[in-house]
Amino acid sequence: SAGIAVRQLIEVSPRKIGQVIHGVPVVDYRRLSPADNTLLIAAVGADGARAMIWDALDKRGYRMGADALFVA
């Protein structure tokens, strides 16, 4: 309703990758596209997952606070 489109759900759990949730594909965090003027919001609660995801984001040129935010 706010006009925000969710293009992908990024996941670290192999059992969730490949699913579609509310019409949005769930993809492996290691297959992220390079930063492209979109905002990635990460709601990460699993122990150690934040570091794994940040490493993948950093390698693809994401900047914390500009291109990516952790909200959990």
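Residues: numbered from 1 along the sequence shown.
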If every non-hydrogen atom of Ile21 is compared with every non-hydrogen atom of Val26, which pair is closest and at what distance? CD1-CG2, 3.7 Å

Hydrophobic cluster membership, Ile4 vs Ile41, 4.5 Å side-chain cutoff: no

Selection residues 2-17 - residue pairs positive for salt bridge (charged side-chain N to carboxylate O under 4.0 Å, His left out), sequence neighbours left out: Arg7-Asp36

Would you compute the distance between atom CG of Leu9 and atom CD1 of Ile17 and round it to the nearest 0.5 angstrom? 11.5 Å

Please list every donor-acceptor pair under 3.5 Å in which a side-chain atom of residues 48-61 meets a protein atom from a residue at least two apart or in another chain.
{"residue": "Arg50", "atom": "NH2", "partner": "Ala72", "partner atom": "O", "Å": "2.1"}
{"residue": "Asp55", "atom": "OD2", "partner": "Lys59", "partner atom": "NZ", "Å": "3.1"}
{"residue": "Arg60", "atom": "NE", "partner": "Leu32", "partner atom": "O", "Å": "2.8"}
{"residue": "Arg60", "atom": "NH1", "partner": "Ala56", "partner atom": "O", "Å": "2.9"}
{"residue": "Arg60", "atom": "NH2", "partner": "Arg30", "partner atom": "O", "Å": "2.4"}

Contact list for residues 61-72, test salt bridge (charged side-chain N to carboxylate O under 4.0 Å, His left out), sequence neighbours left out: Arg63-Asp67

Indicate, with yes or no, if Met64 and Tyr29 share a hydrophobic cluster defined by side-chain heavy-atom contacts under 4.5 Å among Ile, Leu, Val, Met, Phe, Trp and Tyr. yes

